[in-house]
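Below you'll find the structure, written out as structure tokens, and then a few comments.
Each chain gets a letter, A, B and so on, in the order its sequence line appears, and its residues count up from 1. What you see is a predicted model; the values in this text were computed from it and never measured. Basis for what follows: all heavy atoms, side chains included, without hydrogens, waters or symmetry-related copies.
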There are 2 protein chains.
Amino acid sequence: MYRIGELATLFDVKTDTLRFYEKHGLLTSSTRSEAGYRLYSQDDAQKLRFIIRAKAVGFSLNDIAELLSIELDKANWACADVKGLVDTKLEQVQAKIAELEFFASSLNKLSQACCGGPDSAEHCSILEALESTDKELSPKVEHHLHAEKQG
Amino acid sequence: MYRIGELATLFDVKTDTLRFYEKHGLLTSSTRSEAGYRLYSQDDAQKLRFIIRAKAVGFSLNDIAELLSIELDKANWACADVKGLVDTKLEQVQAKIAELEFFASSLNKLSQACCGGPDSAEHCSILEALESTDKELSPKVEHHLHAEKQG
DNA sequence: ATAAACCTTGGAGTTAAATCCAAGGTCAAG
DNA sequence: CTTGACCTTGGATTTAACTCCAAGGTTTAT
């Protein structure tokens with residue numbers, strides 16, 4: 001079991017942050033010592049790791065709480081409910097991956113264009129690099145941008 | 001050219017948000033009308049789209065400003081500087097992608113475990129699903145978690 | 001030429017997510 | 001048996017990123 005300070009050090013967060021997560025229902029220490037100290041189990045640590053990772057890829061604490069609530073505890077969740085929530089989150093995750101792969105390929109292009117590659121100095125900013133890769137736009141925007149682009 | 005309200009509608013943000021981005025150096029309209037109205041060009045729109053996307057995958061406005069500053073404008077940036085910044089950002093993006101792929105595979109596992117798949121009811125929460133996929137941990141944490149896991 | 005729907009600025013208020021602070025309890029080391 | 005490094009709580013403050021408001025100027029449609 002970890003005391004709050006140990007867990008905080010381990011994951012490079014502040015103890016205050018852990019108490020904050022507790023107050024907001026994201027991570028409660030599974031036990032307390034006699035004196036009232038929070039004691040975190042291995043599972044708690046696992047959960048914290050998940051929270052930190054999810055935050056790093058742009059999920060809000062609310063989103064994360066929802067992800068963590070996905071537990072097929074049979075009494076409270078129908079199977080279809082779980083599946084619905086999971087699949088929604090999965091779509092969000094996949095959308096994010098798609099965005100990032102786009103970024104990655106553009107940054108790559110930029111990096112290569114920069115130092116003497118065959119396309120040298122052709123794409124000099126992230127925006128130009130993105131543009132050169134762009135095939136699809138958000139439906140709402142597509143019409144406008146294309147309209148102007150031809151004119 | 002778009003007036004601020006048009007651009008805002010187009011991208012489903014508030015006009016206040018656009019002024020906020022301007023104040024913080026992320027997106028300045030390329031011109032103003034005689035009366036002082038902001039007029040946004042196609043390039044400005046492109047830039048806004050980039051900002052919105054970058055935000056969606058967990059970059060802060062500061063991160064984004066840095067990404068946007070990557071411009072090989074020859075006078076101010078040495079080639080190596082650009083490459084350095086780009087490659088740093090590329091690493092961040094790739095790390096995020098790795099995280100998300102992890103999430104995705106776990107959510108998938110969860111979704112399948114849920115409704116009568118072969119692993120039915122085996123991984124009942126996102127945490128269990130993650131754990132079942134887990135091979136690598138952050139180096140800092142690895143030792144501790146494994147140590148306890150064996151004991 | 002006037003109302004409705006835009007736009008301007010400056011500044012205040014909100015929300016999420018921490019982060020800090022104060023007053024005090026606990027515990028291992030000397 | 002006290003010093004120092006922990007921990008507790010409750011509440012205040014900060015930071016990022018908006019979001020709203022007020023007082024006033026502009027444009028457009030009737």
Rounded to whole Å, how long is the line connecting atom CG of L27(A) with atom P of dA17(C)?
15 Å
Between dA16(C) atom P and F59(A) atom CZ, what is the distance in whole Å?
18 Å
If you look at every strand shown and take non-hydrogen atoms under 4.0 Å, does R38(B) touch a base, only sugar-phosphate, or nothing?
sugar-phosphate
Can you tell me how far P of dC6(C) sits from CD of E6(B), to the nearest Å?
10 Å
dA16(C) OP1/OP2 closer than 4.0 Å to side-chain N/O of K55(A)
no
If pairs are Watson-Crick or G-U with both distances under 3.5 Å, what is the dot-bracket string of DNA chain D, marking crossing pairs with [ ] and pairs to another strand with |?
||||||||||||||||||||||||||||||
Judged by each residue's nearest nucleotide on DNA chain D, which is more toward the 5′ side, R19(B) or N62(B)?
N62(B)
For atom NZ of K23(A) and atom C1' of dT19(C), their distance in whole Å
11 Å
Mind calculating the distance between CG (L7(A)) and C1' (dC7(D)) to the nearest angstrom?
14 Å
Check: L39(A) and S29(A) side chains under 4.5 Å, non-hydrogen atoms
no
Not counting sequence neighbours, list each pair that qualifies as a salt bridge (Lys or Arg N to Asp or Glu O under 4.0 Å) and has a residue in residues 22-33 of chain A.
E22(A)-R32(A), E22(A)-R38(A)
Going by side-chain hydrogen bond (donor to acceptor under 3.5 Å, both in side chains), name the residues that satisfy it together with E99(A), two or more places apart in sequence or in a different chain.
R53(B)
Lys/Arg N to Asp/Glu carboxylate O, K47(B) vs D44(B), below 4.0 Å
no
L18(A) CG to dT19(C) P, straight-line distance once rounded to whole Å
11 Å
side-chain N/O T17(A) vs dT19(C) OP1/OP2, d < 4.0 Å:
yes
Please pick, from dC18(D), dT26(D), dC7(C), the nucleotide with the shortest atom-to-atom distance to any side-chain atom of Y21(B).
dC18(D)
Would you kindly give the CG-to-P distance between L26(A) and dA16(C), to the nearest whole Å?
13 Å
Can you tell me how far apart CD1 (I52(B)) and CD1 (I64(B)) are? Round to the nearest 0.5 Å.
9.5 Å
Check this for me: does the side-chain of D16(B) come within 3.5 Å of the base of dC20(D) through a donor and an acceptor?
yes
Picking from dC27(C), dT27(D), dT19(D), which would you name as closest to the side chain of A35(A)?
dC27(C)
Taking side chain as C-beta onward, heavy atoms only, is I97(B) less than 4.5 Å from E101(A)?
yes
Over all strands shown, is S33(A) touching base, sugar-phosphate only, or nothing at heavy-atom distances under 4.0 angstrom?
nothing
Spacing of E22(A) atom CD relative to dG10(D) atom C1', expressed in whole Å:
14 Å
Can you find a pair of side-chain heavy atoms, one from I4(B) and one from Y40(B), that are under 4.5 Å apart?
yes
Ignoring the backbone of I4(B), work out which of dC7(C), dA17(C), dT8(D) is nearest its side chain.
dC7(C)
For dT9(C), take OP1 and OP2 only and decide whether either is under 4.0 Å from a side-chain N or O of R32(B).
yes
Using the side-chain heavy atoms of Y37(A), tell me which of these nucleotides is nearest: dA17(D), dT8(D), dC20(D).
dT8(D)
Of the listed dC6(D), dC6(C), dA17(D), the closest approach to the F20(B) side chain comes from dA17(D)
Restricting to non-hydrogen atoms, name the atom on L68(A) and the atom on L26(A) that form the minimum distance, rounded to 0.1 Å.
CD1-O, 3.7 Å
Below 4.0 Å: OP1/OP2 of dC18(D) and any side-chain N or O of K14(B):
no
